[in-house]
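As the structure is a computational prediction, the values presented were derived from the model and not from experiment.
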Amino acid sequence: MAVIAGDGRQNRLPTVLWPMMFGNFVIGTGIMAVPGTLNELSTSLQVSVATAGQLISAAALLMCLGAPFFAAIVAGWDRRRLLALSMVWYAVLHLACAWAPNFATLLFLRVLAVIPPAIFTPQAASCVGLLVPTEQRGRAITFVFLGWSVASVLGMPLMAFIGGTLGWRAAFVCVALLSVVSAIWVWRAMPDDVKPPALSLAAWRQTFRSRALMVCVAVTMLYAAGQFVLFSYLAPYYKYKLAVTPGELSLMFLWFGAFGFIGNLIMSRSIDRIGVERAVMIAIGLIAFSFLIFPLGVNIPLMALVCVPWALGCFSSNSGQQARLVAIAPSLAAASVALNSSAMYAGQGVGAAAGGWLIAHVGMDALHWAGLAVLLLSMAVSAAATRFARREAPTHEGQNP
């Protein structure tokens with residue numbers, strides 16, 4: 001088992017984390033390609049926006065079920081090969097999606113295309129403990145998840161711009177090319193024989209029996225669902241409410257992503273100082289505040305301001321949750337991180353499905369209110385998770401990998 005202690009400088013993270021961060025950027029860009037091109041997908045394939053949103057729900061369902069399943073399957077695999085091959089799969093299936101002749105075919109291929117996110121993100125996070133010293137673990141995990149924030153800064157605006165100018169198929173081809181670059185970088189940078197300990201059935205049972213871990217995972221599902229009620233349909237919402245052009249939509253996503261990156265950067269630098277529980281609560285609270293004042297976004301400048309708190313908390317909340325789970329029970333990180341990824345994707349699927357139903361039956365004005373209600377619930381559940389974690393602390397003491 002390879003352990004990388006770094007280059008001897010206490011505050012510098014090892015360079016091997018960079019391809020893992022870039023891989024998450026590519027994964028995030030591919031995931032957000034559908035929300036970013038939803039208008040073009042709907043028009044090109046001649047389906048309603050709510051129907052096109054099923055691409056998000058179906059993919060999220062596969063990622064939800066796949067993360068813990070694949071965590072058990074690939075437990076003993078060398079992470080260099082696993083992560084590189086998953087990005088090759090991502091490339092091939094995105095190329096296939098780009099040539100899908102109709103919506104039904106695209107839906108089937110899209111489900112297959114999101115197998116790598118169910119593998120790469122949780123498995124990259126779970127092996128961080130083998131690559132950095134214990135005192136850098138929280139910072140290293142949040143650094144790896146900066147890739148998702150960078151995807152929101154560059155990836156989603158890029159997908160929206162390419163989709164609006166060259167078509168959604170060109171956006172999928174772009175994801176495929178980035179996936180090839182990611183696979184090569186991981187293969188060249190990762191050392192051989194990085195294999196986190198395989199989880200036994202007893203470890204899985206211990207994970208499921210931990211109230212702190214399972215309630216913490218529930219928090220992720222709730223705040224993901226609350227956000228994706230609206231986030232899944234931001235492109236049609238902006239077009240309907242603000243009459244944005246493809247260029248303006250791309251700039252809106254770029255603005256959102258820039259503050260998402262800033263939020264994750266702040267989380268990375270402050271989480272060990274302020275504590276994981278407080279950091280996560282602040283992040284979710286910022287998102288809820290944006291949803292509360294969402295009706296004030298009556299034009300593009302005002303909407304940009306309204307979305308700033310949401311962006312600051314959007315990706316940093318997930319980074320904080322990953323670090324929170326590892327802190328609760330380090331020896332169970334492979335299982336809890338996989339379950340957390342499942343919860344995130346389940347929340348996305350539930351949120352996208354709920355948002356589609358609301359659009360069809362109530363209208364777009366109901367999206368942010370429904371999301372706000374779920375976000376407030378997630379904050380209450382997060383407070384409960386903190387109480388459970390404190391009660392279980394003696395049980396998990398000394399369980400370092």
Is a donor from one side chain sitting under 3.5 angstrom from an acceptor on the other, for [X] and [Y]?
{"X": "Ser316", "Y": "Asn264", "answer": "no"}
{"X": "Ser42", "Y": "Asn39", "answer": "no"}
{"X": "Gln123", "Y": "Trp77", "answer": "no"}
{"X": "Ser48", "Y": "Thr51", "answer": "yes"}

So, is the end of the Arg80 side chain (NZ or CZ) under 6.0 Å from the ring centre of Trp187 and within 45° of the ring's axis?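 The answer is yes; both the distance and angle limits are met.
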In terms of ring plane angle, is the pair [X] and [Y] parallel, tilted or perpendicular, where the classes change at 30° and 60°?
{"X": "His361", "Y": "Trp357", "answer": "parallel"}
{"X": "Phe256", "Y": "Trp310", "answer": "perpendicular"}
{"X": "Phe22", "Y": "Trp185", "answer": "tilted"}
{"X": "Tyr238", "Y": "Phe253", "answer": "tilted"}

Could you report the tightest heavy-atom contact between [X] and [Y], atom names first, then the distance?
{"X": "Leu55", "Y": "Leu107", "value": "CD2-CA, 3.7 Å"}
{"X": "Ala288", "Y": "Met379", "value": "CB-SD, 4.4 Å"}
{"X": "Val16", "Y": "Ala189", "value": "CG2-O, 3.7 Å"}

Candidate list Leu93, Val34, Leu109, Ile162, test side-chain contact (heavy atoms from CB on, under 4.5 Å), partner Phe172, passing option: Val34
Please evaluate residues Phe388 and Leu213 with respect to the criterion side-chain contact (heavy atoms from CB on, under 4.5 Å), reporting the C-alpha separation (whole Å), side-chain torsions for both, the decisive distance (0.1 Å), and the verdict. CA-CA 9 Å; Phe388 287 130; Leu213 291 176; over 6 Å; no
Listed by chain and number, what are the side-chain hydrogen bond (donor to acceptor under 3.5 Å, both in side chains) partners of Ser270, not counting sequence neighbours?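 Checked Ser270 against side-chain hydrogen bond (donor to acceptor under 3.5 Å, both in side chains); zero matches.
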Check against side-chain contact (heavy atoms from CB on, under 4.5 Å), Tyr237 and Val49: CA-CA 10 Å; Tyr237 184 96; Val49 166; over 6 Å; no
Could you walk me through whether Asn24 and Thr121 pass the side chain to side chain donor-acceptor pair (under 3.5 Å) check? CA-CA 6 Å; Asn24 273 328; Thr121 297; 2.9 Å; yes
Using modelled atom types and a 3.5 Å cut-off, is there a donor and acceptor pairing between side-chain atoms of Glu248 and backbone atoms of Thr245?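 At least one qualifying donor-acceptor pair exists.
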Give a yes or no on whether the backbone of Leu178 and the side-chain of Ser182 come within a donor-acceptor separation of less than 3.5 Å. no
Tell me, with the steps shown, if Arg110 and His94 meet side-chain contact (heavy atoms from CB on, under 4.5 Å). CA-CA 8 Å; Arg110 180 63 176 171; His94 271 85; 3.2 Å; yes
Assess the residue pair Val219 and Ile284 against the criterion (side-chain contact (heavy atoms from CB on, under 4.5 Å)); give the C-alpha distance rounded to whole Å, side-chain angles, the decisive distance to 0.1 Å, and a yes or no. CA-CA 10 Å; Val219 173; Ile284 302 174; 3.8 Å; yes
Apply the side chain to side chain donor-acceptor pair (under 3.5 Å) test between Thr386 and each candidate in Arg324, Arg278, Glu277; give the one that qualifies.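 So the option named by the test is Arg324.
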Answer yes or no: are there more than 12 heavy-atom neighbours, outside Phe294 itself, under 6.0 Å from its atom CZ? yes
